[in-house]
Amino acid sequence: MRDYAPALDPAGIVLRGPLGDALDANLGGRLSHFIVDETSPAIALFAPERRRHNTEGDWYGEHAGKWLSAAAKAAARSGDARLLANLRRVADFLVSTQEPDGYLGTYAPERRFMRKQPPKPVSWDGAPSVRTWDIWTHAYLILGLLETHKHFPEPRYLDAARRIGELCLRTLSGGDIDITDLGNHFGLSATVLLDPAVELYFATGDRVFLDLALTVLGQADAHPPLALLTRALAGADAAEIATGKAYQLAWNLVGLAKLHRASGHADYLRAVESLWRSIRERHLTLGGGPWGGVAHRSREVFNAPGSFSPQAYVETCSTLAWIQLNRELLAITGEARYAEEIERSAYNDLLAAQAPDGEDWCYYVFPNGRRVHTTYWRCCKSSGAMAVEELPGVAYALGDDGAVTVNLYGAGSARIAHPLAGALTLAQDTAYPFDGEIRLRVSPQRAARFALRLRIPSWAQEAGVAVNGSPVEGEPAAGDYFAVEREWREGDELILRLPMRPRAHVALNRNVQESRAPDGSPVAQEVLRHAYLGFTCGPLVYATGLIDGFKTEETVRLPDAPESDWLRWSPPAGDAPPRLELRLGYRAPLTFEPYYRAGGRSDGAWRLTWLSLAPGDGANRDFAHDAHGPSKNS
């Protein structure tokens, strides 16, 4: 276990390739146009006159804090003067509307979180149904103001965030109002305050904000339908926590991970890791996004363990929270698996949700389904913009011992103030993620000995490393880091070769009825079994369009031959991306391209990741089994 590595200068991290294109589109699109000043609709909500009459209980105020967070990071990394001017103007306006008690939301006085509300009716899932997003909005405002202050320090931004935190603590400490009364999904949409409370503690060093975080966690755990910490430590599945709302639960875990770092309490980390495993093993698509939408479950909650549907949903907000959760666990533990999850989500379900213009986003992406660009106010458009801006901050890391870690691969560069080498530049020359050869030029200001740690993806068996043309001793282990420690000099070049081989994956939707006979002996019968086939190569998931131009699904029968005979991968050629070709023999070949760009990334395009397997096919083949264990009925 380790503490956070020293932060790198965001202006020194340059990503190109698909991730760089996404960052450029984000800056030139959503971040530059959605909000520009106090007259922008998402900010005009905070004007005192508008606030005074808003009794709707809506969530639209969240966009302000989300935009501040993403825009501050983008302005710091890009140096864009216009975006910075907009950022300051919006932040100054918001601070000017803060009321004397610290309130900075969009609700009328009678609907604010400081007022105890009457009991709420329940909805289909047993959770209270009346919308109340006031704490949620303030949580994002705290994070946005702190992020702005971090990159462009102004005492008024920190003070405004502090005053919100103090108001929350006064409200929750009075004994009349509980945090779980203040949010939907049995309180999950209010207990997200855990994250900004800890961030306030980190930013100010003031113990009262650690007390706020502990108060939130204590009330969340004491609420039986939620019982966040207790259930996590007991090994509960993520779908069993409150309503199983993916976005809110993952954001709560981000806060709990930070609280572990602030307090040193080991149970907090154990709880987070337990639910991380639950999500990773049972609740991710092939593209790395948390998903829901099967059967009676709400579109945005985790599916029941064992269920599978290629038409299920990935909410882009959930992808943001999953990336942030892996960011925190990577920083705490230094384990490569968390960086790999960030990469998988970024190159697949995140990029698949963003339109090339950076303005439009999908609320949901579907492994199998139609691409739909969502409407103006939807939360996922701001969450997607936040998620893209997370990527430069995790691409590289500098350890206290001078070790430099490369977490994300792709064309670009990093300029690092190194304690031994002085100004150190790393430049990646690569077509990754379309190709597995990465040339890394190392340019230190002065010769210095330190370790360069390379992340070896779990799919990269038999990876190879060479420096200045000579193979490096040692065998890189897939799923871990490989350290090359030497005296680095100007002009040194490291080559990392990650073998890219297409892989077939099988997902199962099974139902096993279990019971006991009269004599007590166990009885189990499989009553449902549907198998599906999907493909990856390297970090990318592959998808095809409508089958034969019109069919939304296809059942395939695989040839009785080695996989290499019927699954062919073609590397990129010029501007054309790599392709997979499925040659079945009995029909015309099916062509797959990277999922995120399938269909030209245009509104209305169809993407099909999973093909139904003929009954009995693939049962004895050596495919990766991604989903999903049996559903059991007693």
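- A cation-pi arrangement is absent between Arg371 and Phe366 under the rule of less than 6.0 angstrom and at most 45 degrees off the ring axis.
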Practice item. For the pair Arg579 and Glu593, evaluate salt bridge (Lys or Arg N to Asp or Glu O under 4.0 Å) and give the outcome as yes or no after the intermediate values. Key: CA-CA 5 Å; Arg579 301 192 317 163; Glu593 62 181 317; over 6 Å; no

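- Side-chain atoms of Glu315 and Cys379, non-hydrogen and from C-beta on, do get closer than 4.5 Å to each other.
- Considering every non-hydrogen atom in both Ala64 and Leu141, the closest pair reads CB-CD2, 4.1 Å.
- Counted by atom type alone, Asp435 and Thr430 present zero donor-acceptor pairs between their side chains at under 3.5 Å.
- Side-chain N or O atoms of Arg601 include one that pairs as donor or acceptor with a backbone N or O of Gln354 at under 3.5 Å.
- Without hydrogens or angle criteria, Ser318 side chain to Ala246 main chain gives no donor-acceptor distance under 3.5 Å.
- Of the possible polar contacts, none joining the Thr544 side chain to the Phe592 backbone as a donor-acceptor pair under 3.5 Å is found.
- Enclosure of atom CD in Glu462 is not indicated, since only 12 or fewer non-hydrogen atoms of other residues, nucleotides or ligands lie within 6.0 angstrom.
- Close placement of the Tyr140 and Trp251 rings is indicated, their centers lying within 6.0 Å of each other.
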Exercise for review: Take Phe34 and His63 through the ring-ring contact (aromatic ring centres under 6.0 Å, His included) test and state the conclusion after the steps.
Suggested key: CA-CA 10 Å; Phe34 175 58; His63 290 292; 5.3 Å; yes

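- The cationic group of Arg455 does not satisfy the cation-pi geometry with Tyr481, failing either the under 6.0 Å distance to the six-membered ring centre or the 45° limit from the ring axis.
- Under the 3.5 Å distance criterion, with hydrogens and angles disregarded, a donor-acceptor pair is assigned to the side chains of Asn326 and Trp276.
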Point to revise | Ile495 vs Leu440, side-chain contact (heavy atoms from CB on, under 4.5 Å): CA-CA, chis, key distance, verdict | key: CA-CA 6 Å; Ile495 298 179; Leu440 192 63; over 6 Å; no

Practice item. Go through the steps to decide whether Ser382 and Arg30 satisfy the test side-chain hydrogen bond (donor to acceptor under 3.5 Å, both in side chains), and finish with yes or no. Key: CA-CA 8 Å; Ser382 287; Arg30 177 76 174 178; 2.8 Å; yes

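- Taking the side chain as every heavy atom from C-beta outward, Val14 and Arg16 approach each other to under 4.5 Å.
- More than 12 non-hydrogen atoms from other residues, nucleotides or ligands lie less than 6.0 angstrom from CZ of Arg156.
- Contact detail for Ala139 and Val192: the closest heavy-atom pair is CB-CG2, 4.3 Å.
- Relative to the ring axis of Trp566, Arg568 does not place its NZ or CZ within 45° and under 6.0 Å from the centre.
- Residues His283 and Ser278 approach most closely at CD2-O, 3.4 Å, considering heavy atoms.
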Practice item. Carefully, step by step, assess Phe482 and Val472 under the rule side-chain contact (heavy atoms from CB on, under 4.5 Å). Key: CA-CA 10 Å; Phe482 182 72; Val472 175; 4.0 Å; yes

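- Taking each heavy atom of Ala11 and Ala76 in turn, the nearest pair found is CB-O, 3.7 Å.
- The residues Glu389 and Arg77 are annotated as salt-bridged, a charged nitrogen and a carboxylate oxygen being separated by less than 4.0 angstrom.
- Annotation: side chain of Leu582 is not in contact with side chain of Pro589 (no heavy-atom distance under 4.5 Å).
- To the nearest 0.5 Å, atom CD1 of residue Ile416 and atom CG of residue Leu398 are 6.5 Å apart.
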Exercise for review: Apply side-chain contact (heavy atoms from CB on, under 4.5 Å) to Val272 and Leu325, showing your working.
Suggested key: CA-CA 9 Å; Val272 172; Leu325 175 57; 3.8 Å; yes

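- Formation of a donor-acceptor pair under 3.5 Å by the Asp360 side chain with backbone atoms of His373 is not found in this model.
- Looking only at atom types and distance, the side chain of Tyr542 has a donor-acceptor partner in the side chain of Trp569 under 3.5 Å away.
- Listed for the Asp195 side chain is no donor-acceptor partner under 3.5 Å among the backbone atoms of Gly255.
- Within the 3.5 Å criterion, the main-chain N or O of Val541 finds a donor-acceptor partner in the side chain of Asn348.
- Between Arg337 and Glu340, none of the side-chain N atoms (NZ, or NE/NH1/NH2) sits under 4.0 Å from a carboxylate O, so this pair counts as no salt bridge.
- Between Glu154 and Arg88 there is a salt bridge, since at least one side-chain N of the basic residue sits less than 4.0 Å from a carboxylate O of the acidic one.
- You'll find the side chain of Ile35 stays beyond 4.5 Å of the side chain of Asn86, heavy atoms only.
- Considering only heavy atoms from C-beta on, Ile456 comes within 4.5 Å of Leu496 through its side chain.
- Judged by distance alone, with hydrogens and angles left aside, the side-chain atoms of Glu359 form no donor-acceptor pair with the main-chain N or O of Pro356 at under 3.5 Å.
- No side-chain N or O of Asn468 forms a donor-acceptor pair with one of Glu493 less than 3.5 Å apart.
- Both the sub-6.0 Å distance and the 45° axial angle are not jointly satisfied by Arg503 relative to the ring of Phe535.
- Scanning all heavy atoms of the two residues, the minimum distance from Asp401 to Ala403 falls at OD1-N, 3.0 Å.
- Remark: aromatic rings of Tyr347 and Tyr596 are distant, center separation not under 6.0 Å.
- Using a 4.5 Å heavy-atom cutoff, the side chains of Trp67 and Ile43 are not in contact.
- At distances below 3.5 Å, not a single donor-acceptor pair connects side-chain atoms of Thr374 with backbone N or O atoms of Arg378.
- Checked for salt-bridge contact, Glu62 and Lys66 meet the test: a charged N lies under 4.0 Å from a carboxylate O.
- Aromatic ring centroids of Tyr313 and Tyr364 lie under 6.0 Å apart.
- Remark: Glu485 does not engage Arg453 in a salt bridge, criterion side-chain N to carboxylate O under 4.0 Å.
- Within the structure, the ring pair (Phe, Tyr, Trp, His ring centres under 6.0 Å) test picks out the following pairs touching residues 423-444 (sequence neighbours left out): Tyr409-Tyr432.
- Salt-bridge formation is detected for the pair Asp492/Arg486: a Lys NZ or Arg NE/NH1/NH2 atom is positioned less than 4.0 Å from an Asp or Glu carboxylate oxygen.
- Atom CG of residue Leu351 and atom OG of residue Ser345 lie 10.5 Å apart, to the nearest 0.5 angstrom.
- Partner of Tyr338 under the side chain to side chain contact (heavy atoms under 4.5 Å, CB included) criterion, out of Ile323, Val394, Leu329: Leu329 alone.
- Within the 4.5 Å cutoff, no side-chain heavy atoms of Thr536 are placed close to those of Pro502.
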Exercise for review: Before giving the answer on side-chain contact (heavy atoms from CB on, under 4.5 Å), spell out for Glu335 and Asp480 the whole-Å C-alpha distance, their side-chain angles and the decisive distance to 0.1 Å.
Suggested key: CA-CA 7 Å; Glu335 294 179 12; Asp480 204 347; over 6 Å; no

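- Note that CG of Leu494 is 12.5 Å distant from CZ of Arg441, once rounded to the nearest 0.5 Å.
- Going from atom CG of Asn368 over to atom CG of Leu608 covers 5.0 Å, rounded to the nearest 0.5 Å.
- Leu286 has its side chain within reach of His505: a pair of non-hydrogen atoms, C-beta onward, lies under 4.5 Å apart.
- Rounding to the nearest 0.5 angstrom, the gap separating the CD atom in Glu147 from the OH atom in Tyr157 is 13.5 Å.
- Rounding to the nearest 0.5 Å gives a distance of 8.5 Å between CG of Leu452 and CG of Leu424.
- Residues Pro444 and Val442 come closest through the heavy atom pair CD-O, 3.5 Å.
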